[in-house]
2 protein chains.
Amino acid sequence: MEGSPPLLSPAEADRRLRAAGVRVTAQRRAVYEALAADPLHPTVEAVHSRLKKNWPSLPLPTVYRIVEDLAVAGLIRRVASDGGPQRLDANAERHQHLVCRACGRMEDWTSAGLSGLSLPRSLPDGFSGETYDIRIVGLCRTCSAKAEARGIIPKRRKS
Amino acid sequence: MEGSPPLLSPAEADRRLRAAGVRVTAQRRAVYEALAADPLHPTVEAVHSRLKKNWPSLPLPTVYRIVEDLAVAGLIRRVASDGGPQRLDANAERHQHLVCRACGRMEDWTSAGLSGLSLPRSLPDGFSGETYDIRIVGLCRTCSAKAEARGIIPKRRKS
DNA sequence: ATCTCATATGATAATAATTATCATATGGAA
DNA sequence: TTCCATATGATAATTATTATCATATGAGAT
């Protein structure tokens, strides 16, 4: 079990929404809270499921729209992944991701060194670099054990 | 215009396919060549379109299957992206990606420093790290110019 | 070179992921 | 409060991907 990731205070979250011209609604707060409570980079579908209990009426397309709104307002981000449904991240701190190439599991991890890495001095073309997105790819504990046992790597994830 | 990325020789490509237990077929060679000829990380759909001329009969689902086979055999990779259709890469050399957060454009770029970066000494849990996946996120020349002109960042990409 | 059979392809259907449409409801400025 | 631009809920449509199955073919054995 890992502690929940640093999330914005309700007041700060509201402030950022308004600053981006996005209205504050109960549904948007609920989606943000569901995301902030899940450190495993849930899919939109997963967020929707989690919300079923308290928001039985909230339809999936609305969750998609709200996710887009929250991303525009900078409350959450879409996490880079190798295809499959988009995965989300409400962790506001600079951090990296550990990605299992066998099962697709992805979790936050922070390296002081990597977090402090400065951008290359010269970039091509007039490209204006703003930040890094660093993933450490390998095998998670579970898949690593399996690979060791079988001498073969497992197949690609399903969800 | 950028030069085409380093690709495997036909003989080496065939060898790797057989080594992975994947039969060598004309279709698989064609898909690999189409991918090797496109440095802009095409989608499966884009590869299919490009092949239409020489392989009018090759159906999209087959391209999907072949892409999976080529990935298993290690001839190509799926590139990390923030949702949307999977994007592919036949560039076998260690390299990084420049990603425009506004239009989604993605291109190869190689930094000697980043390519040589060694993995953190200690990783959590028994996670066995193998490699980095590093993206430099920012604005491409085109979107950078637009943002400067308008004081506002453009909307999300469509393809 | 031919035979054989496991596997690939082509055609098609099905599912999953995401976006669009539109009538009704509501946040928040006046 | 009143009003209106925008959000939601319901639903349909589109896009992305995977499954199924009959036929064709690569490549090891004869």
Side-chain angles (χ1 to χ4, degrees), chain A residues 10 13-32 34 41-49 51-52 54-73 75 78-79 81-88 104 155-159, chain B residues 10 13-32 34 41-49 51-52 54-73 75 78-79 81-88 104 155-159:
Chain A
D14 289 2
R15 201 189 61 72
R16 288 207 199 183
L17 286 174
R18 294 210 176 86
V22 174
R23 285 185 182 166
V24 175
T25 67
Q27 289 91 331
R28 284 177 174 150
R29 283 202 182 112
V31 170
Y32 175 64
H41 309 296
T43 61
V44 176
E45 176 74 39
V47 173
H48 180 244
S49 295
L51 285 167
K52 273 275 173 56
N54 293 329
W55 284 89
S57 72
L58 193 66
L60 182 56
T62 296
V63 179
Y64 270 96
R65 281 180 302 200
I66 291 180
V67 160
E68 168 70 13
D69 300 333
L70 298 180
V72 165
L75 273 72
R78 293 188 174 89
V79 175
S81 66
D82 304 338
Q86 57 178 294
R87 307 209 29 196
L88 309 170
K155 256 217 110 174
R156 196 146 175 270
R157 112 202 91 105
K158 138 163 320 164
S159 97
Chain B
D14 289 3
R15 201 188 62 71
R16 288 207 199 183
L17 286 173
R18 294 210 176 86
V22 174
R23 286 184 181 167
V24 175
T25 67
Q27 289 91 330
R28 283 178 175 149
R29 283 201 182 112
V31 170
Y32 175 64
H41 309 296
T43 61
V44 176
E45 176 74 39
V47 172
H48 180 245
S49 296
L51 286 166
K52 273 274 172 58
N54 294 328
W55 284 88
S57 72
L58 193 67
L60 182 56
T62 296
V63 180
Y64 269 96
R65 281 180 302 200
I66 291 180
V67 159
E68 168 70 13
D69 300 333
L70 297 180
V72 165
L75 273 74
R78 293 187 174 90
V79 175
S81 67
D82 305 339
Q86 56 178 294
R87 311 224 4 212
L88 309 170
K155 256 216 109 174
R156 195 146 177 271
R157 112 203 91 104
K158 136 160 319 161
S159 99

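Here is the naming used below: chain letters follow the sequence lines, and residue numbers restart at 1 for every chain.
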*With axes from five pairs an end, tell me the bend angle of the helix from C:dA1-D:dT30 to C:dA30-D:dT1, nearest 10°.*
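Rounded value for the end-axis angle: 50°.
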
Write down the distance between [atom1] ([X]) and [atom2] ([N]), rounded to a whole number of angstrom.
| X | N | atom1 | atom2 | value |
| --- | --- | --- | --- | --- |
| A:Arg28 | C:dG28 | CZ | P | 10 Å |
| A:Arg15 | C:dG27 | CZ | C1' | 19 Å |
| A:Asp14 | C:dG27 | CG | C1' | 12 Å |
| A:Leu58 | D:dT8 | CG | P | 8 Å |
| B:Glu68 | D:dA19 | CD | P | 10 Å |
| B:Leu51 | C:dG10 | CG | P | 11 Å |
| A:Leu60 | D:dT14 | CG | P | 19 Å |
| A:Ile66 | C:dT26 | CD1 | C1' | 13 Å |

*Are B:His41 and B:Leu88 close enough, and set up right, to give a side chain to side chain contact (heavy atoms under 4.5 Å, CB included), and what steps lead you there?*
CA-CA 5 Å; B:His41 309 296; B:Leu88 309 170; over 6 Å; no

_Would you say that A:Val31 contacts A:Leu58 through its side chain, given a criterion of any heavy-atom pair below 4.5 Å between the two side chains?_
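They are in contact (side-chain heavy atoms under 4.5 Å apart), so the answer is yes.
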
Side chain of [X], heavy atoms from C-beta onward: which of [options] has the nearest atom to it?
| X | options | result |
| --- | --- | --- |
| A:Thr62 | D:dT8, C:dA17, C:dG10 | D:dT8 |
| B:Pro85 | C:dT12, D:dT8, D:dT17 | D:dT17 |
| A:Pro61 | C:dA20, C:dT12, D:dT17 | C:dA20 |
| B:Gln27 | C:dG10, D:dT18, D:dT8 | C:dG10 |
| A:Gln86 | D:dT8, D:dT18, C:dT18 | C:dT18 |

*Please name all residues satisfying salt bridge (charged side-chain N to carboxylate O under 4.0 Å, His left out) with A:Arg23, sequence neighbours left out, ordered by chain then number.*
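Listed in chain order: nothing, the list is empty.
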
*Compare every heavy atom of A:Gly83 with every heavy atom of B:Gln86, then report the nearest pair and how far apart it is.*
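Where B:Gln86 meets A:Gly83 most closely, the heavy atoms are CB-CA, 4.0 Å.
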
*Over all heavy atoms of both residues, which pair between A:Val47 and A:Ala34 is shortest? Give the atoms and the distance, please.*
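Between these two residues, the closest heavy atoms are CG1-CB, 4.1 Å.
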
*asked:* So if I define the base as every atom that isn't primed, P, OP1 or OP2, how would nucleotides 21-27 of chain D read as a B/S/- string at a heavy-atom cutoff under 4.0 Å?
replied: ----BBS

*Residues that A:Arg16 engages under side-chain contact (heavy atoms from CB on, under 4.5 Å), provided they are two or more places apart*: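 For A:Arg16 the side-chain contact (heavy atoms from CB on, under 4.5 Å) partners, ignoring immediate neighbours, are A:Leu8, A:Glu12, A:Leu75.
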
Counting only pairs under 3.5 Å, give me each side-chain donor-acceptor contact of residues 59-67 of chain B, with atom names and distances, residues two or more places apart or in other chains.
unit_1, atom_1, unit_2, atom_2, d
B:Thr62, OG1, B:Arg65, NH2, 2.7

*Look at the side-chain N and O atoms of B:Tyr64 and state whether any lies under 4.0 Å from the OP1 or OP2 oxygen of D:dT17.*
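Checking B:Tyr64 against D:dT17: at least one side-chain N or O falls below 4.0 Å of OP1 or OP2.
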
*Check for a donor-acceptor pair, side chain of A:Arg87 on one end and backbone N or O of A:Val79 on the other, with a separation under 3.5 Å.*
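Answer holds: no.
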
_Residues which pass side-chain hydrogen bond (donor to acceptor under 3.5 Å, both in side chains) with B:Arg18, listed by chain and number, not counting sequence neighbours_ =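 Here no residue qualifies.
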
